[in-house]
Amino acid sequence: MTEQKTYHGSCHCGAVSYEAKSAPIDKAMSCNCSMCARKGTLLAFIPASDFTLKSGADALTDYQFNKHVLHHVFCRTCGVTSFVRGATPDGREMIALNVRCLDEVDPDTLAISRFDGKSV
Ligand SMILES: [Zn+2]
């Protein structure tokens, strides 16, 4: 079993903060959908059960588009999307972390893979 690490993420102003358990994050996904292409989000996926929102539930604004599968939540004060709520095709809840918002991750050291979100 892979060892789990605890990561700490937050938006820019700090209203939204969370803890996430994940296998060590050494890669991330760059998505070309109309949302991520504009934001430059780099994603790493974990099950929703490994995600704990510490603060900011009332600071999040939800934004949905296309098939409304993903909840592109962002902080209503600073506008930062520090994570995305979604589900796998078989219906399990998952979280896409924006690894750019994690304290313990240096995005410049990650292997980046491409995700063709535009075609989903
Ligand atoms: Zn904020």
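Both ligands and their constituent atoms are indexed starting at 1 by order of listing.
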- Task: Can you measure from CD (Glu104) to OG1 (Thr6) and round to the nearest 0.5 angstrom?
- Result: 8.0 Å
- Query: Under 2.8 Å from the Zn ion (ligand 1), how many protein N, O or S atoms can be found?
  - Reply: 4
- Side-chain heavy atoms of Arg85 within contact of Leu60, under 4.5 Å: yes
N/O donor to acceptor pairs below 3.5 angstrom from side-chain atoms of residues 32-41, sequence neighbours left out:
from  : atom 1 : to     : atom 2 : distance (Å)
Asn32 : OD1    : Gly117 : N      : 2.8
Asn32 : OD1    : Lys118 : N      : 2.8
Asn32 : ND2    : Asp116 : OD1    : 3.0
Arg38 : NH1    : Ser34  : O      : 2.8
Lys39 : NZ     : Thr81  : OG1    : 2.4

- Looking at residues at least two apart in the chain, or sitting in another chain, which of them share a salt bridge (Lys or Arg N to Asp or Glu O under 4.0 Å) with Lys21? none
- Item | Sequence neighbours excluded, every pair satisfying ring-ring contact (aromatic ring centres under 6.0 Å, His included) that has a member inside residues 27-52 | Tyr18-Phe51, Phe51-Phe83
- Are Asp103 and His8 close enough that a side-chain donor and a side-chain acceptor fall under 3.5 Å? no
